[in-house]
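Per chain, numbering begins at 1; letters A, B, ... match sequence-line order.
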2 protein chains.
Amino acid sequence: MKKILIVEDEQKIRKVIKSYLQDEYNIFEAVNGKEALSLFKTKNFDLIILDLMLPEISGEEVCQTIRQVSEVPIIMLTAKSSEENKIEGFDYGADDYLTKPFSPRELLARTRAILRRSSNQNRASIISLNRGEFKIYPDEMTVKKEGQECDLTSTEFKILMTLINNAGQVLSREQLADQVMGLEFSGFDRTIDAHIKNIRKKMNLDKDQYIVTVYGAGYKFTGDI
Amino acid sequence: MKKILIVEDEQKIRKVIKSYLQDEYNIFEAVNGKEALSLFKTKNFDLIILDLMLPEISGEEVCQTIRQVSEVPIIMLTAKSSEENKIEGFDYGADDYLTKPFSPRELLARTRAILRRSSNQNRASIISLNRGEFKIYPDEMTVKKEGQECDLTSTEFKILMTLINNAGQVLSREQLADQVMGLEFSGFDRTIDAHIKNIRKKMNLDKDQYIVTVYGAGYKFTGDI
DNA sequence: AGAATATTTGATTATTTTTTGAGGTGGCAG
DNA sequence: CTGCCACCTCAAAAAATAATCAAATATTCT
């Protein structure tokens, strides 16, 4: 889960932001610039949401300090509404700006957009199995066997990708369910089995080809990628 | 090194932009529309960054004039006050737009994105589908099926173009909404569905023709372009 | 301002996927 | 070899998601 640092002195605003982001992200909080900078040194955040108006060290300073050593995306929250101030403020190296009062939903949308952009830079490329017999296109969510589309559902595809991304490792049904359906999923073991069955059937795999059942433990992906 | 032309009357902004782009690109500057057009005639730019609000000749005019003879990517800068005009910006043939005050880092990110895209595939001015059954005219925002105009609205057209520009890739409803209605849009998912329905109806498409629903994920454009 | 268009929305229906439970299968330890 | 337990399969139920529609808003045009 991606880690986001919220730097905001007003507790109320911090809380609202947190409530909107915590379902998708791992939230850390700092109430002033000093705390922010010391937290920043200890963790690798994926995004920083930074209030401009902070006690002691200002948001601008925090932003500039961080920029000297890191390219982490920064969204700045500014209370100054006059356009003049914003233009002056826009060169501290932030990636985006929101003027208070802002809509938390918009903040969420911008957060997603920025994180998408930064994760898009190393976009997953085509995965080829068995010298081209299978081709997997992560962006397109498709799998082809000898040019013919296998038509996996999104859950099936996610399970397959999880196995591939952890190739060689045995993943328990629980680990797979956590990854694919989310932690709150509390269904039966057989759910994963059913999906695995469908994947094997749709990709026409033998039971020991690529997706191997590890008796008493789970499944693992084997074979050259 | 790729050549970028910045057309902006405010020196301060021009300077900031230049400082962010000059490491990677060869920067040229114009302070008004006239200068821009005359520079444009002498050099083959890879990208033009164009302020909408210019003295003498407006940014829109500059954009239209350039578009009459060239497919060079254009990023438009628009002032917050004319936010309603954003949509029109696309009509003038801009490839992307940023609202002032904007973040220079975001401009850099979009610049890289656009140049990466345009180096891969120089977009045709007319897109033909299924050996001419459909013809799409991006500049005119029209789609014809066997010569007959399909009469898409601008939102519908933009959704279609977004899908085509990312052909093969699955785009979530949120991504589509971000691209087409902007990040501040916070409406319901069904909005996109409704537009897709209209596009399919107006273009008389089957559900698996070109615009494919990817259950649980979004939509994608498939088929030869 | 009023009409015409376009967009958004909420409700309803339709569709697809996911989950589930039961029964069958087969490996593995004793 | 035998029985147990984990796994596989299947099909039906349940849940999730998408399509469609009509009405409410918003926008644009005249």
Whichever of A/Thr155 and B/His195 has the more 5' nearest nucleotide on DNA chain C, that residue is B/His195
Of A/Leu152 and B/Ile192, the one whose nearest nucleotide on DNA chain C sits closer to the 5' end is B/Ile192
Please work out if B/Thr191 contacts a base, only the sugar-phosphate, or nothing of the nucleic acid, heavy-atom cut-off 4.0 Å. base
A/Thr213 side chain N/O closer than 4.0 Å to the phosphate oxygens (OP1, OP2) of D/dC8? yes
For the pair made of NZ in B/Lys202 and C1' in C/dA6, what is the distance, rounded to whole Å? 8 Å
Specify the separation, in whole Å, of atom CZ of B/Phe188 and atom P of C/dA11. 9 Å
Nearest of D/dC7, C/dT7, D/dA19 to any side-chain atom of A/Arg190? D/dC7
Under a 4.0 Å N-O cut-off, is there an ion pair linking B/Arg14 with B/Asp9? no
Ignoring backbone atoms, test whether B/Arg173 places a side-chain nitrogen or oxygen under 4.0 Å from the OP1 or OP2 oxygen of D/dA18. yes
Within the side chain of B/Asn32, is there an N or O that forms a donor-acceptor pair under 3.5 Å with the backbone of B/Lys34? yes
Mind telling me whether B/Phe221 and B/Tyr210 have parallel, tilted or perpendicular rings, with 30° and 60° as the class edges? parallel
Spacing between B/Ile199 atom CD1 and C/dT7 atom C1', to the nearest angstrom: 13 Å
Below 4.0 angstrom, N of the basic side chain to O of the carboxylate: do A/Glu24 and A/Lys2 qualify? no
Degree of bending in the helix from C/dA1-D/dT30 to C/dG30-D/dC1 once both end axes are built from five pairs, to 10°: 40°
Within 45° cone and under 6.0 Å: B/Lys144 NZ/CZ vs B/Tyr137 ring: yes
Under 4.0 angstrom between B/Thr153 side-chain N/O and C/dT7 OP1 or OP2: yes
Sugar-phosphate, base or nothing in reach of A/Val180, heavy atoms under 4.0 Å: nothing
Report yes or no: do A/Arg112 and B/Ser172 form a side-chain donor-acceptor pair below 3.5 Å? no
For A/Leu176 and D/dC7, give me the distance from atom CG to atom P, rounded to whole Å. 12 Å
Atom pair distance, as rounded to whole Å: CG in B/Asp193 and C1' in C/dA11: 14 Å
Round to the nearest Å and state the distance from A/Lys220 atom NZ to D/dC7 atom P. 15 Å
Side-chain contact check for A/Glu156: nearest option of C/dT18, D/dC7, C/dA11 is C/dT18
Look only at the side chain of B/Ser58 and the backbone of B/Leu54, and say whether a donor-acceptor pair between them is shorter than 3.5 Å. no
NA contact type, B/Ala177, heavy-atom cut-off 4.0 Å: base, sugar-phosphate, or nothing? nothing
Would you confirm whether the ring centroid of B/Phe45 sits within less than 6.0 angstrom of the ring centroid of B/Phe40? no
Whole angstroms only, please: what is the CD1-C1' distance between B/Ile211 and D/dA19? 14 Å
Candidate nucleotides C/dT8, C/dT19, D/dA18, ranked by approach to the side chain of A/Met181 - the nearest: C/dT19
Of A/Lys201 and A/Tyr215, the one whose closest nucleotide on DNA chain D sits nearer the 5' end is A/Tyr215
Looking only at side-chain atoms of A/Lys207, point me to the closest of D/dT20, D/dC8, C/dT7. D/dC8
Nearest-Å distance, NZ (A/Lys197) to C1' (C/dT20)? 13 Å
